[in-house]
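Heads up: the structure comes next, in structure tokens.
Worth knowing before you read on, the calculation uses all heavy atoms, side chains too, and leaves out hydrogens, waters and symmetry mates. Letters A, B, ... mirror the listed sequences (proteins, then strands); counts begin at 1.
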Protein chains: 2
Amino acid sequence: MNSRFPVSLHILTLLHDAKGQVMSSEYLAGSININPVLVRKEIMNLRKHGFVDSKEGKGGGSFLAKNAADINLGEVYTAVKSDHILGQHKKDPNPKCPIGRQINQHLTDLYTQAEQALIENLSKQTLADFALNFN
Amino acid sequence: MNSRFPVSLHILTLLHDAKGQVMSSEYLAGSININPVLVRKEIMNLRKHGFVDSKEGKGGGSFLAKNAADINLGEVYTAVKSDHILGQHKKDPNPKCPIGRQINQHLTDLYTQAEQALIENLSKQTLADFALNFN
DNA sequence: TTGTACTGTAACAAAAAATATTACAGATGA
DNA sequence: TCATCTGTAATATTTTTTGTTACAGTACAA
């Protein structure tokens, strides 16, 4: 499992905390303790989804593009996730086995509904709620 | 993300389908299309949790140790999961940053409740229900 | 108009995690 | 007593994730 979700949430929390001030990838990376290039990549994704925006050039950096109360954690999760939460299944089970032949379809169905429950739970909380935890 | 959950579920489904007959790790591995040693390791874990049992020696193999209707998928997930579903967070964010200093605790809290929702959803379905999908 | 400090992005390297392989002792049945 | 399994360790390979280096392009500011 990669750490894109926690990294994204960390970035968003920092940007929220910055109250509109632009933050450099260098600074964000310093708080998270990862490479600035990874931060910039993650920010590209967050931008693509409309959560943040950024300014190039001297004095540039990034900032929240919408109100923290309008970003829910289910959306953040969705924006970040790539493969199935329950573990990617083998692409090529044995087609000669009646179970092997059908398992991927049924796993996909199972994952889809389980993931939906996860997302619904995360969606109950906004970035603003989450940031409220910090003092 | 490893594929322990789908592998475990695949094994359990095959054993259920076998209706009590012992199945060799070789056969199971053949349906899943992975290495038999991995199957045996996964079976050790499923055994430890009381889902299956196995017989050594010639003609040996494994079989379900309880009724499929008494194994729910939430339990299977719990038996198999190692790290956090939402991605493990960095162990060492910057302690000098007020956000970095506290984020891990809050991520853990968030994960715990989100994972709970996932498990509750999975628990609605038993192995018997899942196996019913196959024909 | 030139230097400085950023972003965006690609290409490559290193580290970590997952999976596969080999090997073999011990159990069990025929 | 042979053949066929499990259980398990040790090691190798592959894949995924993360880090690093590099540099073009943008914007501000002296």
Check the distance between [N]'s [atom2] and [X]'s [atom1] and give it to me in whole angstrom.
X      : N       : atom1 : atom2 : answer
L38(A) : dT7(C)  : CG    : C1'   : 15 Å
K48(B) : dG7(D)  : NZ    : P     : 13 Å
E26(A) : dT4(C)  : CD    : P     : 17 Å
N33(B) : dT19(C) : CG    : C1'   : 12 Å
I32(A) : dT18(D) : CD1   : P     : 12 Å
N45(A) : dT7(C)  : CG    : P     : 17 Å
R4(B)  : dA17(C) : CZ    : P     : 15 Å

Any donor-acceptor N/O pair, E75(A) side chain to N72(A) backbone, under 3.5 Å: yes
Donor-acceptor contact present, side-chain N45(A) to main-chain A79(A), <3.5 Å: yes
Do other residues, nucleotides or ligands put more than 12 heavy atoms under 6.0 Å from the [atom1] atom of [X]?
X       : atom1 : result
Q116(B) : CD    : yes
Q113(B) : CD    : yes
F134(B) : CZ    : yes

Trace of the side chain to side chain contact (heavy atoms under 4.5 Å, CB included) decision for L15(B) with M23(B): CA-CA 7 Å; L15(B) 295 184; M23(B) 307 300 265; 3.7 Å; yes
Within residues 98-107 of chain B: residues closer than 4.0 Å to DNA chain D (heavy atoms): none
Proximity to DNA chain D (any heavy atom under 4.0 Å), residues of residues 9-24 of chain A only: none
Sugar-phosphate only, base, or nothing, as touched by S62(B) at under 4.0 Å among non-hydrogen atoms: nothing
Mutual orientation of the aromatic rings belonging to F51(B) and H49(B) [parallel < 30°, tilted 30-60°, perpendicular > 60°]: parallel
Parallel, tilted or perpendicular: ring planes of F5(A) versus Y77(A), cut at 30 and 60 degrees: perpendicular
Cluster companions of V22(A) among Ile, Leu, Val, Met, Phe, Trp, Tyr (side-chain spacing under 4.5 Å): F63(A)
Considering only distance and modelled atom types, tabulate donor-acceptor pairs under 3.5 Å from the side chains of residues 32-44 of chain B, sequence neighbours left out.
residue: N33(B); atom: ND2; partner: D92(A); partner atom: O; Å: 2.8
residue: N33(B); atom: ND2; partner: D92(A); partner atom: OD1; Å: 3.3
residue: N33(B); atom: ND2; partner: D92(A); partner atom: OD2; Å: 3.4
residue: N35(B); atom: OD1; partner: V37(B); partner atom: N; Å: 3.0
residue: R40(B); atom: NH1; partner: S25(B); partner atom: OG; Å: 3.1
residue: E42(B); atom: OE1; partner: R4(B); partner atom: NE; Å: 3.2
residue: E42(B); atom: OE2; partner: R4(B); partner atom: NE; Å: 3.2
residue: E42(B); atom: OE2; partner: R4(B); partner atom: NH2; Å: 3.2
residue: E42(B); atom: OE2; partner: S8(B); partner atom: OG; Å: 3.2

Point-to-point distance, once rounded to the nearest 0.5 Å, from CG of N121(A) to CG of L110(B): 8.0 Å
Pairwise 5' ranking along DNA chain D for M44(B) and I34(A), keeping only the more 5' one: M44(B)
Side-chain N,O (S54(B)) to OP1/OP2 (dT6(D)) below 4.0 Å: no
Minimum heavy-atom distance between D129(A) and K124(A), given as atom pair plus value: OD2-O, 4.0 Å
Exercise: identify the closest heavy-atom pair between T126(A) and A68(A): CB-O, 3.7 Å
H10(B)/S31(B) under side chain to side chain contact (heavy atoms under 4.5 Å, CB included): CA gap, chis, key distance, verdict: CA-CA 9 Å; H10(B) 196 147; S31(B) 168; 2.9 Å; yes
Please produce a list of atom pairs where a protein N or O lies less than 3.5 Å from an N or O of nucleotides 11-16 of chain D.
none

Summary of protein contacts for nucleotides 21-30 of chain D, nucleotide by nucleotide, where a base hit scores B, a sugar-phosphate-only hit scores S (4.0 Å, heavy atoms): BB--BBBB--
